[in-house]
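Here is the structure we will look at, set down as C-alpha cells.
Numbers for residues simply follow the sequence, beginning at 1.
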Amino acid sequence: LSISADEASASPADFVASRWNFTGNVIIRNAEAEVRAGKAELDFRDNVLRKAVLRGSPATFRQPRTGQRL
C-alpha cells in the first residue's frame, strides 16, 4: 500500500488503533488498484485497515481487468 498527499496527520501515529487523515492530491495505490481524492480518512485497528472514507470532486477508483496494468 502506497499513500501520497499534500498533508498527513495521525492520532496516534501507529497502526494498532489510529485514524490517519490525508488532504490535498491524495493518491492511494496497491498492486491491484488506485484511488484519487481530495481528502481521505483511514482507520486502522490491530494493524489492519478497517475503514476508508474518501471525499473529492470527484474521488476516483481504478482497478484494471485481470491481466491489465494500472
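- Checked against side chain to side chain contact (heavy atoms under 4.5 Å, CB included), V16 has the following partners two or more places apart in sequence or in another chain: D14, N47.
- Contact record, P12 with S18: O-CB, 3.0 Å, taken as the closest heavy-atom pair.
- Scanning all heavy atoms of the two residues, the minimum distance from I27 to R36 falls at CD1-NH1, 3.2 Å.
- Ring planes of W20 and F15: parallel class, angle under 30° (limits at 30 and 60°).
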All N/O donor-acceptor pairs, side-chain side in residues 2-10, below 3.5 Å, sequence neighbours left out:
| unit_1 | atom_1 | unit_2 | atom_2 | d |
| --- | --- | --- | --- | --- |
| D6 | OD1 | N25 | ND2 | 3.4 |
| D6 | OD2 | N25 | ND2 | 2.8 |

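- Nearest heavy atom pair, residue F61 against residue A33, reads CE1-CB, 3.8 Å.
- Closest approach of E32 and N30 over heavy atoms only: N-OD1, 2.8 Å.
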Quick one: side chains of residues 48-56, donor-acceptor pairs under 3.5 Å with protein atoms, not counting sequence neighbours, listed by atom name and distance.
| unit_1 | atom_1 | unit_2 | atom_2 | d |
| --- | --- | --- | --- | --- |
| R50 | NE | R45 | O | 3.3 |
| R55 | NH1 | E41 | OE2 | 3.4 |

Would you sort out whether L1 and I28 count as a side-chain contact (heavy atoms from CB on, under 4.5 Å), showing the intermediate values?
CA-CA 7 Å; L1 183 64; I28 303 171; 3.5 Å; yes
